[in-house]
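First the structure, in the form of structure tokens, and then the observations on it.
The structure presented is a predicted model; accordingly, all values stated were derived computationally and were not measured. Per chain, numbering begins at 1; letters A, B, ... match sequence-line order.
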2 protein chains.
Amino acid sequence: MSQYNFTFSEVMTKKPKPLGKQLQFGKYFTDHMFVMEYHHQKGWYDGKIIPYQPLTLDPASMIFHYGQTVFEGLKAYKSKDGETRLFRPKENINRLNRSNARMCIPEIDPDLALAAIKELVRIENDWIPKQEGTSLYIRPFIIATEPYLGVSASKQYKFIIILSPVGAYYKEGINPVRIAVETEYIRAVKGGTGEVKTAGNYASSLIAQEKAEASGFAQVLWLDGHDKKYIEEVGSMNVFFKIDGEVITPELNGSILPGVTRNSVIEVLRDWGVPVVERKILLEELITAHKEGRLEEAFGSGTAAVISPIGELNCNGEALIINNQETGEIAKKLYETITGIQYGHLEDKFNWIDMIE
Amino acid sequence: MSQYNFTFSEVMTKKPKPLGKQLQFGKYFTDHMFVMEYHHQKGWYDGKIIPYQPLTLDPASMIFHYGQTVFEGLKAYKSKDGETRLFRPKENINRLNRSNARMCIPEIDPDLALAAIKELVRIENDWIPKQEGTSLYIRPFIIATEPYLGVSASKQYKFIIILSPVGAYYKEGINPVRIAVETEYIRAVKGGTGEVKTAGNYASSLIAQEKAEASGFAQVLWLDGHDKKYIEEVGSMNVFFKIDGEVITPELNGSILPGVTRNSVIEVLRDWGVPVVERKILLEELITAHKEGRLEEAFGSGTAAVISPIGELNCNGEALIINNQETGEIAKKLYETITGIQYGHLEDKFNWIDMIE
Ligand SMILES: Cc1ncc(COP(=O)(O)O)c(C=O)c1O
Ligand SMILES: Cc1ncc(COP(=O)(O)O)c(C=O)c1O
């Protein structure tokens, strides 16, 4: 029990848990959820853990019309010894509050948010899958609920946490993907909302994602919204390139999401003494480096896949094949190191793990 | 009854209707709503008119996470003779379908959408306020309802129409507003979603709107997201300027919303023989024209206000006072002409009115 004393109403009948092989991403949800209300005259109040259930919302609720909302995504992992391990949850909570500030949503006490996550995960302990590579995905989100059609910040919100057991991202070992460079649509631009985690960024990206999938690509690589010349991110991942032995990644410029995994990759590389630089990266620069045989590796980073090696970057039909479409050494070692810390095979030397008792 | 035979379940007890003076924008809703479902294996089905009631949605519904949604806004007006008049509803329905295409939402049969609007408004006839300047605001919207956390287009949607009686926009006569030029945040950029009506555009605009209101301004003027040099729109309105006797408005460039009122203004001006040009407009050009005394008028256009004269454009503290902060002649005449057609005081020479029997 935390100091917050959230009310807990237990479900009468627990759901059957999906079997290992049925596990996918974000399809099944656990027996309970956390809900807390906000009213502009009361602040945040009435945090409680209740049976997983539908939300009942006035059709005029602002979330349906003006999309005032933020979310986060993080995971709980089971170690071989049965420990429950959260990976850098405070980073996600801090990002949630940065998203709140941009979207005019009231801040949430970070300690309360962490306590809510921990208590809910503790209650749903049986739902955390145990096989290597599986985890319990944690989705905190806030939605504007005032029933009012004026375009203004809502006076009422709900903060909700739902949990979903997810299967291993790599069912047959870590595998490079083919990525299409998107040259028509853009994801974000400085002054917009690209650097925060809000629904509209994802809604606007669907059309490019569908186009890429229709041509057999796994994801799109986004270029900057200003010049369409600089690399931003890959789908819902940050992106890294190894050129001439140096690892480079786009700098945080106001339009890309500051990924928790991105930051972890940078810290691990520094720890290893591998040169790593955050800066602007021209698409043209990658094309040239590839031509000259200097583009050694490319990979994405994100909570879902941890590390996702890129085997091909396709720019309007021109294919850059990277590292023979094989997983690069740095990508492999980063994957093993970060998942090793997450699952507890490796020492938590960066102090990234928050245990749930 | 339309050919569509929507099921109708009538409420048991009707709500009290707000009195004339209580009327605001988007605060009160009528007794019934229209709801239609979409499933990827069935298409759109089960259109029905039911008592106004909360939506019951799984907390994993995609609308809450990835904001896949579109909406429209139009009005029904009561003439002195008691006719119910819709203003250019087909334009809104066509725009809804253009928004759908951009947001990967399945198209809606335009005839069905129009029939649904008409039947719902017909049923709620008593809710249409009768005083001059009042109207019944119609809000069709579509939300993604599949309970799935993968970033992809939803396989399930709801199309909903709600109605809200609204008071006169100008309670004490048409009145110029003060507008702040926004130079930090941006609303949209080509390749994004600025030209469609989707929630994310509005969510991302709240922070600038709050900043402007805190300094005593009614709305913000958005500059383009690329160079922050060109004029885009004003809050939720398109914008027009009269310089040297010519009326100019930003061209439809992929990032501004193609307003139905904007188009109506252009048609009326052409009909009058007033020169009107759609083109790029530099903020600098307005500042120069103002200095030289050639910026004769400025006004916004939109469904809510119809025409909203601009008395001041404030650019980081530098105030351009326009037409002595009085309503310009063109703005006044446009307001009278367009509202005259809407309420039936003037002949519908452009064939803009769709009657509800
Ligand atoms: C747009 C975008 N970029 C990058 C990331 C990676 O961030 P993280 O490493 O925190 O999961 C995500 C996923 O959260 C994302 O949605
Ligand atoms: C961003 C934006 N621009 C312009 C408009 C004006 O469009 P309309 O004249 O169709 O109401 C609106 C309102 O619908 C809007 O939301």
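- Remark: B:Gln68 CD to A:Ser205 OG distance equals 10.0 Å, nearest 0.5 Å.
- With a 4.5 angstrom heavy-atom cutoff, B:Tyr28 does not touch chain A via any of its atoms.
- B:Lys15 NZ: more than 12 foreign heavy atoms inside a 6.0 Å radius.
- Heavy-atom pairs under 4.5 Å with chain A peak, among B:Ser152, B:Ala304, B:Gly235, at B:Ser152.
- Residue B:Arg187 does not touch chain A at all, counting heavy-atom pairs closer than 4.5 Å.
- Between B:Asp227 and A:His226 the shortest heavy-atom distance is OD1-NE2, 4.3 Å.
- Chain A forms more heavy-atom pairs under 4.5 Å with one residue of B:Arg139, B:Gln53, B:Lys27 than with any other, namely B:Arg139.
- With a 4.5 angstrom heavy-atom cutoff, B:Met62 does not touch chain A via any of its atoms.
- Ranking A:Gly67, A:Gly200, A:Gly192 against chain B, the residue ahead of the rest is A:Gly67, based on heavy-atom pairs under 4.5 Å.
- If you measure heavy-atom distances from B:Glu146 to chain A, the contacts under 4.5 Å come from the side chain alone.
- In this structure, the separation between CE on A:Met103 and OG on B:Ser204 is 6.5 Å, given to the nearest 0.5 Å.
- The shortest non-hydrogen separation linking B:Ala153 to A:Leu206 is N-CD2, 3.9 Å.
- Using a 4.5 Å heavy-atom threshold, the side chains of A:Tyr185 and B:Arg102 count as touching.
- Between B:His65 and A:Phe141, the gap from one ring centroid to the other is short of 6.0 Å.
- Heavy atoms closer than 4.5 Å to chain B are found in the backbone of A:Ala101, but not in its side chain.
- Rounding to the nearest 0.5 angstrom, the gap separating the CG atom in B:Leu57 from the CD1 atom in A:Ile63 is 10.5 Å.
- Here B:Thr193 contributes atom OG1 and A:Ile207 contributes atom CD1; the two are 11.0 Å apart, rounded to the nearest 0.5 Å.
- For B:Phe71 and A:Tyr66, the ring centers are positioned less than 6.0 Å apart.
- Minimum heavy-atom separation, B:Phe29 to A:Ala60: CZ-CB, 3.3 Å.
- Ranked by heavy-atom pairs under 4.5 Å with chain B, the list A:Val189, A:Ile142, A:Thr69 is led by A:Val189.
- A distance of 10.0 Å separates CD1 of A:Ile162 from CZ of B:Phe64, quoted to the nearest 0.5 Å.
- From B:Tyr52, atom OH reaches atom CG of A:Asp58 across 3.5 Å, with rounding to the nearest 0.5 Å.
- Proximity to chain A is absent for every atom of B:Ala208, based on heavy atoms less than 4.5 angstrom apart.
- Comparing B:Glu210, B:Glu184, B:Lys197 by how many heavy-atom pairs each has under 4.5 Å with chain A, the most go to B:Glu210.
- A 4.5 Å side-chain heavy-atom check between A:Thr56 and B:Leu55 finds every atom pair outside the cut-off.
- Looking only at side-chain heavy atoms (C-beta outward), A:Leu149 and B:Phe25 come within less than 4.5 Å of each other.
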